[in-house]
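Note sheet for the following structure.
As the structure is a computational prediction, the values presented were derived from the model and not from experiment.
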Amino acid sequence: MNIYRRVAEYYRAFSGLILIALLIMIVSIGFNALKPWPIKWLIDDILPQTASGIVHWHGVTLSVSEAITAACTVYILTFLLHGATSVANNYILIRIGLDALLRVRTQLYSYLQYLPLHFHDRRRSGDSTFRVAYDSQAIQTFFNRGFATIISSILTLIVTFVLMFKMNAHLALVSLSVVPFLWLSILLFAKKIRNESALLQQEESDVLSRVQEGLTSIRIVHAFGREEFEVKEFEKEARHSYDANLQLTLTNVFSSLVVGLVTAIGAALILYIGANEVTRGNLKVGDLWVFLAYLASLYAPLEQLSYTAWSLEGAASGMQRVFEILDAEDSVPEAKEPKLMTRPQGKITFEAVHFGYETEHAILNGLSLEISPGETVAIVGGTGAGKTTLLSLIPRFYDPLQGRVLIDDADIRGFSKKSLRSHQAIVLQDTLLLSGTIEENIAYGRPGATSAEIITAAKEAQAYDFISKLPHGFKTSVGERGVRLSGGQKQRIGIARAFLKKAPILLLDEPTSALDLETESEIMETLKQLVQRQTTLIITHRLSTIHHLARRIIVLENGKMVESGSGEELLKRGGVYARLWKAGNS
């Protein structure tokens, strides 16, 4: 992966503003080049005339006092003009860098949102968070320190060297003798800095992941008295970050020392030769002053180029972590020309479906199943039988490794994922709520819903009574991940969210696991009326919940359908379902 080529794509997106910044930069460099000349004029043309009190300069006659005032005024004006153009240039570059950061972060977060669950299953959420929040900031380095410093340094080098060469070609050439040594130091430290920066970013990501994991699991930490263990684990991660940070800091300090030593030797060499030239009468003191001022302007960009090269290597490691996400393969890709699904009848077909989260460990083994439009089907079986996995294939959270899933006899892979999911309502086994109000969470799947529709859905989910008793009712904030609500309350809000969507396909994964039997019974009565207008798949371990509700019960074992029929039929057969029923009611 060529990081610099990839970053260049962002430069092209801001080429207009970059051109403006470049023009302002050139003007700024010109004013900077003029800054030593008022001092040279003061040293060589004004101070030697103090005895006569009159200064003659290019046909202009001034008193010494007036000439000194003019020199100081010109110096201040030159400084102000250089400062003003520098401020304008820096503002534009910072603005470009922030715009680029906004674009990178948005692209990264957007892609993370659309990547399938298979991708997220394999990585820590803290690492993805770190890449969005921190690694993405590397793009600013490329714009604020990369482009600006490189172009500015090169232009300053060219202008400064030309002026120095015109003043004294011999000294100018000697001043460049340090360049090979600076280039060698860049090559020596560049790769080391990139590798150490990448290591530090990974360690910082691990620290964030540890914090996120520890705080989101704070209840179980307290419940098992593992606070001390968690602190030790965090300290271990923090120590690794400390070591990586210290190593990178030492490398930066040592590399800066090497560059500073090289330029100091070059400056000392010029000072030695120049001072001897002055003593021989071959060079004026003012000329030596200007030359030394220009030498500083020559070596400063050379040092900046060294530091910039190392900064870019560090930034490259951050952008590499960003591009690793943006280049991640979508294991549930959109079709090349995806179709939009119109409201389906609700027929669902599984054709010889094989699936495993890892290819070597199958969860579903050649499962075939057909569900008629408007049919209510329950999926039951022991732990690990493949129930939730089966449900996850319908909205394309995952794709089968073999076989097909069809809706109304059309392969769902031919539809856009957004349109496919827009016709499905889902209640997950672990009800997830977003930070916000109860009203916002119920309406999450149908943002344009009216207050009356939200209230109706809450009543159908047996959630209205507890919501109305809260201090702010439907405007009550649920807290992060719904932490201010009980498990049963969260589950009822999740059910209300699904009911409100009024999708033709309703998928329920343990929808009443956190509810008491009375509330569950009330919801099931409502569900009996609702399922008449939609195809419904229910997963549950409570067989009494679906024994009479479901028209058909599918029993899974080891990823295969082993029984199918009504609750009464399956009990009479005395097979797997009967065994599960007996275990659940004993």
Could you tell me the separation between the NZ atom of Lys501 and the OG atom of Ser422, rounded to the nearest 0.5 Å?
->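 One finds 6.5 Å between NZ of Lys501 and OG of Ser422.
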From the options Ile426, Ile539, Ile538, Leu428, select the one residue that forms a side chain to side chain contact (heavy atoms under 4.5 Å, CB included) with Leu391.
->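 The passing option is Ile539.
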Salt bridge (charged side-chain N to carboxylate O under 4.0 Å, His left out) between Arg579 and Glu557, worked out | CA-CA 13 Å; Arg579 187 174 70 246; Glu557 193 171 56; 3.4 Å; yes
Can [X] and [Y] be counted as an ion pair, charged N to O under 4.0 angstrom?
X	Y	result
Lys502	Glu453	no
Arg95	Asp99	yes
Lys236	Glu233	yes
Arg413	Glu334	no

With Phe130, which residues qualify under side-chain contact (heavy atoms from CB on, under 4.5 Å), at least two apart?
-> Tyr134, Asp135, Gln201, Glu204, Ser205, Leu208, Arg321
Mind jotting down which residue pairs meet the ring-ring contact (aromatic ring centres under 6.0 Å, His included) criterion with at least one end in residues 450-483? Sequence neighbours excluded, please.
->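 For residues 450-483, and leaving out neighbouring residues, there are no ring-ring contact (aromatic ring centres under 6.0 Å, His included) pairs at all.
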Step through it carefully: locate the ring centre of Tyr357, locate the ring centre of Tyr398, and say whether they are under 6.0 Å apart.
-> yes
Report, as yes or no, whether the 6.0 Å neighbourhood of atom CZ on Arg573 holds more than 12 heavy atoms from other residues, nucleotides or ligands.
-> yes
Judged by atom type as modelled, is there a donor-acceptor pair below 3.5 Å linking the side chain of Gln424 to the main-chain atoms of Ile394?
-> yes
Can the positive tip of Arg6 be found less than 6.0 Å from the middle of the six-membered ring of Phe323, inside 45° of the ring normal?
-> yes
